[in-house]
Amino acid sequence: MHVLLVEDEKSLHQEVKQFLQQAQYLVDSAYTFTEASEKLYVNSYDFVLLDLGLPGGDGLELLRESRRSEKQEASFIILTARGDLDDRIKGLDLGADDYLPKPFSLLELTSRMQAITRRKFGLKRSEITFGDGFVMDVTARTVRHGAPDSPEVPLTKKEFDLLNYLLLHKGRVLTRLQLGEHLWGNVLEDDSDSNYIDVHIKNVRKKLAQFGSADFIETVRGIGYRAV
């Protein structure tokens with residue numbers, strides 16, 4: 001999951017960022033209104049963790065701008081010391097997905113992110129069934145074929161994240177750029193001919209094929225890939 005962390009308090013920012021990175025999230029940082037606005041304009045995110053009181057502007061305006069953009073499909077969680085009910089109502093009315101007042105538990109933050117992901121993609125639990133009997137446990141970060149005690153498919157972190165992203169967007173064609181932004185941030189922007197994604201797709205298919213059929217991952221010529 002690609003996350004934008006918008007928080008100007010540096011010690012808290014680094015604590016949250018380090019925790020999320022250890023939980024296998026890809027995290028971009030913004031400390032000011034301007035930095036956050038620029039990154040929201042350029043990149044696509046799965047989550048935006050948003051402080052309201054920012055140098056240079058109000059976080060609610062960032063939320064308002066993002067909800068006007070057709071590109072930005074991020075889920076927003078407001079992180080703020082503001083306890084005023086009006087701020088909570090304004091944020092939710094503008095499209096925020098959740099609200100977590102400071103100080104907060106980092107474990108609660110990731111639990112809420114997982115809950116939002118399940119709601120967003122219609123998942124009733126943390127498992128995704130796909131293909132001819134594969135099961136992905138998003139929380140445990142495992143993929144198995146058949147019985148729960150069967151051997152794990154030995155996917156790397158990037159391979160797991162790539163497969164997870166395809167499955168969450170099942171039926172939707174995802175471009176190589178979209179997949180690259182999700183896995184590496186904006187690293188592919190200057191290298192549109194990169195074969196990073198193709199190599200990872202090939203590896204995922206090869207590893208899955210050792211346990212069952214990998215035909216559910218379709219190549220859409222000239223565009224990208226789709227899970228069906």
- Message: Is there a path of hydrophobic side-chain contacts, each under 4.5 Å between heavy atoms, that joins Leu60 and Tyr31?
- Response: no
- Message: With heavy-atom distances below 4.5 Å as the criterion, would you say the side chains of Leu4 and Phe47 are in contact?
- Response: no
- Message: Classify the ring geometry of His145 against Phe134: parallel below 30°, tilted from 30° to 60°, perpendicular beyond 60°.
- Response: perpendicular
- Query: Would Glu73 and Ser44 count as a side-chain contact (heavy atoms from CB on, under 4.5 Å) if you check the C-alpha gap in whole Å, the side-chain angles of each, and the deciding distance to 0.1 Å?
  - Reply: CA-CA 7 Å; Glu73 299 179 357; Ser44 296; over 6 Å; no
- Message: I'd like to know if the side chain of Lys207 reaches the main chain of Pro154, judged simply by a donor and an acceptor atom lying under 3.5 Å from each other, with no hydrogens or angles considered.
- Response: yes
- Taking every non-hydrogen atom, the tightest pair across Ala214 and Leu208: CB-CB, 4.1 Å
- First locate atom CG of Asp97, then atom NZ of Lys120, and finally report the distance between them rounded to the nearest 0.5 Å. 7.5 Å
- Query: Are the side chains of Lys102 and Asp51 in touch, meaning some heavy atoms are under 4.5 Å apart?
  - Reply: yes
- Query: Linking I/L/V/M/F/W/Y whenever any side-chain heavy atoms sit under 4.5 Å apart, do Leu26 and Val6 land together?
  - Reply: no
- Does the side chain of Leu179 reach to within under 4.5 Å of the side chain of His182, using non-hydrogen atoms? no
- Query: Quick one: are Met1 and Leu168 in side-chain contact, heavy atoms under 4.5 Å?
  - Reply: yes
- Message: Please give me the minimum heavy-atom distance between Thr139 and Ser126, naming the atom from each residue.
- Response: OG1-CB, 3.3 Å
- Query: In terms of ring plane angle, is the pair His169 and Phe121 parallel, tilted or perpendicular, where the classes change at 30° and 60°?
  - Reply: perpendicular
- Task: Would you sort out whether Val48 and Ser75 count as a side-chain contact (heavy atoms from CB on, under 4.5 Å), showing the intermediate values?
- Result: CA-CA 6 Å; Val48 177; Ser75 298; over 6 Å; no
- Following the transitive rule for hydrophobic clusters with a side-chain heavy-atom cut-off under 4.5 Å over Ile, Leu, Val, Met, Phe, Trp and Tyr, establish whether Phe216 and Val220 coincide in one cluster. no
- Could you give me the CA-CA distance, side-chain angles and deciding distance for Arg112 and Glu108, then say whether side-chain contact (heavy atoms from CB on, under 4.5 Å) is met? CA-CA 6 Å; Arg112 292 192 181 212; Glu108 181 180 1; 2.7 Å; yes
- Query: Just by distance, do the side chain of Asp8 and the backbone of Pro55 share a donor-acceptor pair under 3.5 Å?
  - Reply: no
- Item | Sole candidate of Lys39, Lys17, Lys10 that passes side-chain hydrogen bond (donor to acceptor under 3.5 Å, both in side chains) when paired with Ser29 | Lys17
- Task: List the atom of Gly180, the atom of Ile197, and the distance in Å for their closest heavy-atom pair.
- Result: N-CD1, 3.8 Å
- Does the side chain of Thr219 come under 3.5 Å of the side chain of Arg205 through a donor N or O and an acceptor N or O? yes
- Note on the structure: For Glu15, the salt bridge (charged side-chain N to carboxylate O under 4.0 Å, His left out) test, sequence neighbours excluded, returns none
- Distance-minimising heavy-atom pair for Thr142 and Phe160: N-CE1, 3.6 Å
- So OG1 of Thr80 and CG of Leu50: to nearest 0.5 Å the spacing works out to 8.5 Å
- Task: Give a yes or no on whether Tyr165 and Val135 share a hydrophobic cluster (residues Ile, Leu, Val, Met, Phe, Trp, Tyr; joining criterion: side-chain heavy atoms under 4.5 Å apart).
- Result: no
- Message: Is there a path of hydrophobic side-chain contacts, each under 4.5 Å between heavy atoms, that joins Leu155 and Val199?
- Response: no
- salt_bridge(Asp161, Lys157) N-O dist < 4.0 Å: yes
- Closest non-hydrogen atom pair between Tyr25 and Gln114, with its separation: OH-CG, 4.3 Å
- Item | Heavy-atom closest contact (Leu174 atom, Gln178 atom, distance) | CA-OE1, 3.3 Å
- Message: If we ignore hydrogens and angles and just use 3.5 Å, is the side chain of Ser37 paired with the main-chain N or O of Phe33 as donor and acceptor?
- Response: no
- Are any side-chain N or O atoms of Glu7 and backbone N or O atoms of Glu9, one a donor and one an acceptor, separated by less than 3.5 Å? yes
- Message: Donor-acceptor check, side chain of Ser66 to backbone of Leu62, threshold 3.5 angstrom: yes or no?
- Response: no
- Using atom types as modelled and distance alone, determine if a side-chain donor or acceptor of Arg118 lies under 3.5 Å from a backbone N or O of Leu123. no
- Query: Should the pair His200 and Trp184 be assigned to parallel (<30°), tilted (30 to 60°) or perpendicular (>60°) ring geometry?
  - Reply: perpendicular
- Message: Let me confirm one number: the CD-OG1 distance from Gln24 to Thr110, rounded to the nearest 0.5 Å.
- Response: 12.5 Å
- Go through Ile78 and Asp98 one step at a time and tell me if the side-chain contact (heavy atoms from CB on, under 4.5 Å) criterion holds. CA-CA 6 Å; Ile78 295 176; Asp98 207 343; over 6 Å; no
- Query: CZ/Phe76 to CG/Leu94 distance, rounded to the nearest 0.5 angstrom?
  - Reply: 10.0 Å
- Pairwise side-chain contact, Leu63 with Leu52, heavy-atom cut-off 4.5 Å (strictly under): no
- Salt-bridge contact Glu61-Lys90 (side-chain N to carboxylate O under 4.0 Å): no
- Message: When you compare the side chain of Gln14 with that of Gln18, does any pair of heavy atoms fall below 4.5 Å?
- Response: no
- Would you say Ser150's side chain and Ala147's backbone share a donor-acceptor pair under 3.5 angstrom? yes
- Got a salt bridge between Arg226 and Asp215, using NZ or NE/NH1/NH2 to carboxylate O under 4.0 Å? no
- Query: Roughly how far, to the nearest 0.5 Å, is CG of Leu106 from CD of Gln22?
  - Reply: 10.0 Å
- Query: Would you say Val204 and Ile217 make side-chain contact, with heavy atoms under 4.5 Å?
  - Reply: yes
- Message: Counting C-beta onward and ignoring hydrogens, is there a side-chain heavy-atom pair between Leu49 and Val27 closer than 4.5 Å?
- Response: no
- Under 3.5 Å: donor-acceptor pair, side chain of Asp46, backbone of His2: yes
- So CG of Leu79 and NE2 of His13: to nearest 0.5 Å the spacing works out to 11.0 Å
- Task: Indicate whether any N or O donor in one side chain lies under 3.5 Å from an N or O acceptor in the other, for Asp198 and Tyr196.
- Result: no
- Does a side-chain N-to-carboxylate-O contact under 4.0 Å join Glu181 and Arg176? no
- Item | Contacts of Arg125 that satisfy salt bridge (charged side-chain N to carboxylate O under 4.0 Å, His left out) - sequence neighbours left out | Glu127
